[in-house]
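None of the values given here were measured: they were computed from a predicted structure.
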Amino acid sequence: MPEDRVSVVVGDRRLRLTNLGKILYPEAGVSKRDVIDYYARVAPVLLGHLRGRPVTLRRYPDGVDGQSFFEKNASRSAPDWVPTVEIPTPGSSKGAETTEFVLVDEVPTLVWLANLAALELHVPQWRVTPDGARDTPDLLVFDLDPGPPATVVECCRVAELLRVELEADGLAPRPKTSGSKGLQLYVPVTVAEADRTSRYARELADRLAQRHPEAVVSTMTKARRVGRVLIDWSQNNPAKTTVAPYSLRARAQATVSTPVTWDEVESCAAPEDLVFTHGMIPDRLDRYGDLFEEPPGEHPRL
């Protein structure tokens, strides 16, 4: 068998890994072997944020400089042991009434996806119930997107404004980088209605945009976003997904969507202060543990 094609045992599954030497991040010199190794190393924390959530993949078979595609339906080549769940997707752009999503509950599935060059893993803010239905959201998300010349530095200042409001409502926001240009805040919550998080997020985004019009916008109009930060509340729509914590991003330097401390947010003075690449994550996990680890007990009720 060629050197860049091996058969390995992961857990209790045997997988064939191919094209291991293929460079997926040319500028950083990161190969598919490196990608698989990264996902295997962070699996103990990453799986906690994927488990029970239908995963949308963004695949880069020819690397980050090549064409990519989103994949919701489980690949036809999926081994029969890969768990899937069929979710209603009315209004899908492909006209499908349901979609069979992969569930990434175990390391073998994660390694199999990495071998497909699924660099980015995107998940909704809800999990599936034991009978395979869509549960109510357990996360409230704010995606902070800077309009140039604003950067993640300005996102940090807006995140601090959001934190004050959220904590006043008894909520505990946790920041992470998007792995691209911006910052995201996640808030564990318990809700009774599927649209509650979306309504709350929009009300808060609109309120901050009114109070701080020089810094914040809450509408998608690009002309209004120049030099300001969009608080994208729409990520709470049950049909939408956000990049998972510890997922790679398809950027030149193999960056990672990385949980950060509030001290790091407050001290951020330049964009490079909050750039984390795949090689930096194991040391961060040794130092901080999983900053997005689920808190014990019931989440605050929204």
Side-chain angles (χ1 to χ4, degrees), residues 46 48-59 68-75 78 82-105 109 113 118-145 162 171 173 176 178-206 217-222 225 230-247 249-250 257 292 299 302:
L46 172 57
H49 304 296
L50 300 177
R51 192 169 285 118
R53 301 185 193 273
V55 176
T56 296
L57 314 174
R58 191 167 186 182
R59 293 176 57 184
S68 68
F69 58 95
F70 282 97
E71 187 170 77
K72 295 178 181 288
N73 266 309
S75 170
V82 170
T84 61
V85 62
E86 193 164 357
I87 300 290
T89 50
S92 165
S93 60
K94 295 187 177 180
E97 290 301 311
T98 63
T99 299
E100 188 176 7
F101 290 89
V102 170
L103 291 174
V104 186
D105 293 346
T109 305
L113 292 179
L119 303 182
E120 296 188 359
L121 308 173
H122 297 251
V123 290
Q125 318 316 326
W126 46 268
R127 300 180 191 267
V128 294
T129 63
D131 59 356
R134 179 185 291 174
D135 208 343
T136 52
D138 60 352
L139 290 171
L140 168 69
V141 175
F142 296 89
D143 189 9
L144 308 183
D145 188 11
L162 276 168
L171 303 175
K176 76 175 176 75
S178 68
S180 181
K181 298 177 297 180
L183 194 71
Q184 297 164 343
L185 296 190
Y186 279 47
V187 187
V189 293
T190 297
V191 296
E193 302 169 335
D195 65 347
R196 174 58 182 143
T197 52
S198 187
R199 294 200 317 270
Y200 175 88
R202 181 169 190 174
E203 291 166 1
L204 181 48
D206 287 345
V217 294
S218 59
T219 60
M220 301 292 179
T221 308
K222 287 191 175 181
R225 291 167 56 184
L230 168 67
I231 300 179
D232 186 356
W233 50 268
S234 72
Q235 297 299 311
N236 295 284
N237 182 320
K240 288 199 172 186
T241 60
T242 308
V243 68
Y246 306 105
S247 171
R249 298 307 305 268
S257 183
F292 267 35
H299 298 159
L302 185 62

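Residues Glu86 and Thr98 have side chains that bring a donor and an acceptor to within less than 3.5 angstrom of each other. Checking Asp206 against Ser218 by side-chain atom types alone, a donor-acceptor pair falls below 3.5 Å. Side-chain atoms of Thr242 and Gln235 include a donor-acceptor pair closer than 3.5 Å.
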- prompt: Checking side chain to side chain contact (heavy atoms under 4.5 Å, CB included) for the pair Leu121/Val104: CA distance, chi angles, key distance, verdict?
  reply: CA-CA 10 Å; Leu121 308 173; Val104 186; 5.9 Å; no
- request: Could you please spell out the steps behind the side chain to side chain contact (heavy atoms under 4.5 Å, CB included) verdict for Phe70 and Thr241?
  value: CA-CA 12 Å; Phe70 282 97; Thr241 60; over 6 Å; no
field: Pair Leu140-His299, side chain to side chain contact (heavy atoms under 4.5 Å, CB included): steps then yes or no
entry: CA-CA 11 Å; Leu140 168 69; His299 298 159; over 6 Å; no
message: One pair to check against side chain to side chain contact (heavy atoms under 4.5 Å, CB included): Lys72 and Glu100. What are the steps and the verdict?
response: CA-CA 7 Å; Lys72 295 178 181 288; Glu100 188 176 7; over 6 Å; no
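Using modelled atom types, one side-chain atom of Glu120 and one backbone atom of Ala250 make a donor-acceptor pair closer than 3.5 Å. Using modelled atom types, one side-chain atom of Trp126 and one backbone atom of Pro238 make a donor-acceptor pair closer than 3.5 Å.
Residues Arg202 and Tyr200 are not in side-chain contact: their nearest non-hydrogen atoms beyond the backbone lie 4.5 Å or more apart. Side-chain contact between Thr56 and Phe101: present, with at least one pair of heavy atoms (C-beta onward) separated by less than 4.5 Å. By the 4.5 Å heavy-atom criterion applied to side chains, Phe142 and Leu183 are not counted as neighbours. Within the 4.5 Å cutoff, the side chain of Tyr186 has heavy atoms near those of the Gln125 side chain. Residues His49 and Val123 are not in side-chain contact: their nearest non-hydrogen atoms beyond the backbone lie 4.5 Å or more apart. Residues Tyr246 and Ser257 have side chains not in contact (no heavy-atom distance under 4.5 Å, counting atoms from C-beta outward). In this structure, the side chains of Leu230 and Leu144 stay at 4.5 Å or more apart for every pair of heavy atoms. Inter-residue side-chain proximity for Ser198 and Ser234 is flagged as unmet; no heavy-atom pair is nearer than 4.5 Å.
Atoms CG and CZ, from Leu119 and Arg249 in turn, are 10.5 Å apart once rounded to the nearest 0.5 Å. We find the OG1-CG distance between Thr84 and Leu103 to be 7.0 Å, quoted to the nearest 0.5 Å. In this structure, Asp131 CG and Thr129 OG1 are separated by 3.5 Å, a value rounded to the nearest 0.5 Å. Atom OG1 of residue Thr219 and atom CG of residue Asp232 lie 10.5 Å apart, to the nearest 0.5 angstrom.
Of all heavy-atom pairs spanning Ala194 and Thr136, the tightest one is N-CG2, 4.4 Å. Nearest heavy-atom pair, Asp105 versus Gly52, reported as atom, atom and distance to 0.1 Å: OD1-N, 3.2 Å. For the residue pair Ile231 and Ala205, the shortest heavy atom distance occurs at CG2-CB, 3.6 Å. In terms of heavy atoms, Ala201 sits closest to Asn236 at CB-ND2, 3.4 Å.
The pair Arg53-Asp138 meets the salt-bridge criterion, since a charged nitrogen lies less than 4.0 angstrom from a carboxylate oxygen. Taking a cutoff of 4.0 Å between a charged side-chain nitrogen and a carboxylate oxygen, Glu193 and Arg199 qualify as a salt bridge.
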